[in-house]
Amino acid sequence: MGEGEENVEFQNEENLVTYETVTEQKSEVEELEDRYKRLLAEFENYKKRSQKERDSLYGMITGDVVSTILPVMDNLEKAADAKTEDINYQAGVKMVSKQLSEVLIKFGLKEIESIGTTFDPELHEAVSHIEDPEKGTQEIVEEYRKGYKIGNKVIRHSMVIVAN
């Protein structure tokens, strides 16, 4: 101990507590508080990371299921557009097609705009190329198959014909 410092002693009924003991206990409490805060922060980070992983997994599964259903939706749309003399049959197919489309929209499915837009390899798959002086450079003139995305993830690219 330095000059002017005394060895302070506190008398407790059961035992004698020195200044050094109190300081050691304070430092131990501070260390335990620091460990607690770090552990709490690690747990919060774990919860955030787990939630992010769950969301990502949900998005992947949703995308896989929706991409499996898309050919069924394509076929229903073709059946709805097919010429038939049975108007009730055609109306029924259109209702089922519309209902399936609405269900997929609830899962976040959005159609990729194609005709009249500029070709984007992230969204479109070019299956043919034509020369047309009336169209702009890399302009999409026809769509063979609709493309879809959920959020920012492309589920299926649009199959398109590109001009110039």
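What you see below is based on every heavy atom in this structure, not just the backbone, and it leaves out hydrogens, waters and symmetry mates. Since the structure is predicted, the reported quantities are computational estimates derived from the model, not experimental observations. For this chain, numbers begin at 1 and follow the sequence in order.
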*Hey, could you give me the CZ/CD distance between Arg49 and Glu42, rounded to the nearest 0.5 Å?*
9.0 Å
*Kindly compute the distance separating CG (Asp120) from CD1 (Ile112), expressed to the nearest 0.5 Å.*
9.0 Å
*Would you call Tyr36 and Leu40 a side-chain contact if the rule is heavy atoms closer than 4.5 Å?*
yes
*If you round to the nearest 0.5 Å, how far is OG1 of Thr21 from CD of Gln25?*
6.5 Å
*asked:* Applying a strict under-4.5 Å side-chain criterion to I, L, V, M, F, W and Y, I'd like to know whether Val160 and Leu70 cluster together.
replied: no
*Nearest non-hydrogen partners of Met159 and Val127, listed with the distance*: CE-CG1, 3.4 Å
*Taking the side chain as every heavy atom from C-beta outward, state whether Glu102 and Lys106 have any atom pair closer than 4.5 Å.*
no
*Answer yes or no: does atom CD of Gln51 have more than 12 heavy-atom neighbours from other residues, nucleotides or ligands under 6.0 Å?*
yes
Name every donor-acceptor pair, under 3.5 Å, that has one atom in a side chain of residues 139-149 and the other anywhere in the protein, sequence neighbours excluded.
from, atom 1, to, atom 2, distance (Å)
Glu139, OE1, Gly136, N, 2.9
Glu143, OE2, Ser114, OG, 3.0
Arg145, NH2, His157, O, 3.4

*Tell me, with the steps shown, if Asn164 and Lys135 meet side chain to side chain contact (heavy atoms under 4.5 Å, CB included).*
CA-CA 7 Å; Asn164 306 321; Lys135 301 294 180 182; 4.0 Å; yes
*Can any side-chain N or O of Thr68 pair as donor or acceptor with the backbone N or O of Asp64 at less than 3.5 Å?*
yes
*Hey, is the main chain of Lys52 close enough, under 3.5 Å, to the side chain of Ser56 for a donor-acceptor pair?*
no
_I need the minimum non-hydrogen distance between Ile155 and Ser67, along with the two atoms involved._
CG2-CB, 3.5 Å
_Check this for me: Glu28, atom CD, are more than 12 non-hydrogen atoms of other residues, nucleotides or ligands nearer than 6.0 Å?_
no
_Rounded to the nearest 0.5 Å, what separates atom CZ in Arg54 from atom CG in Leu57?_
10.0 Å
*At what distance, to the nearest 0.5 angstrom, does CD of Glu111 lie from CD of Glu113?*
6.5 Å
Please set out all donor-acceptor pairs under 3.5 angstrom arising from side-chain atoms of residues 73-86, sequence neighbours excluded.
from, atom 1, to, atom 2, distance (Å)
Asp74, OD1, Arg156, NH2, 3.2
Asp74, OD2, Arg156, NH1, 2.7
Asp74, OD2, Arg156, NH2, 3.1
Asn75, ND2, Pro71, O, 3.3
Thr84, OG1, Asp86, N, 3.3
Asp86, OD1, Asn88, N, 3.3
Asp86, OD1, Tyr89, N, 3.3

*Are Thr117 and His124 close enough, and set up right, to give a side chain to side chain contact (heavy atoms under 4.5 Å, CB included), and what steps lead you there?*
CA-CA 10 Å; Thr117 64; His124 308 109; 4.1 Å; yes
*Would Tyr19 and Thr23 satisfy side chain to side chain contact (heavy atoms under 4.5 Å, CB included), going step by step from the backbone distance to the final call?*
CA-CA 6 Å; Tyr19 177 76; Thr23 307; 3.6 Å; yes
*asked:* Rounded at 0.5 Å granularity, tell me how far NZ in Lys94 sits from CD in Gln90.
replied: 4.5 Å
*Nearest non-hydrogen partners of Gly63 and Ile150, listed with the distance*: CA-CD1, 4.2 Å
*Would a hydrophobic clustering, with Ile, Leu, Val, Met, Phe, Trp and Tyr connected at side-chain separations under 4.5 Å, put Val72 with Ile61?*
yes
_Least distance between heavy atoms, Thr137 atom then Thr118 atom_ = O-CG2, 4.5 Å
*Under 6.0 Å from the CG atom of Asp55, do we count more than 12 heavy atoms belonging to anything else shown?*
yes
*Within a strict 4.5 Å, meaning less than it, do heavy atoms of the Leu109 and Val103 side chains meet?*
no
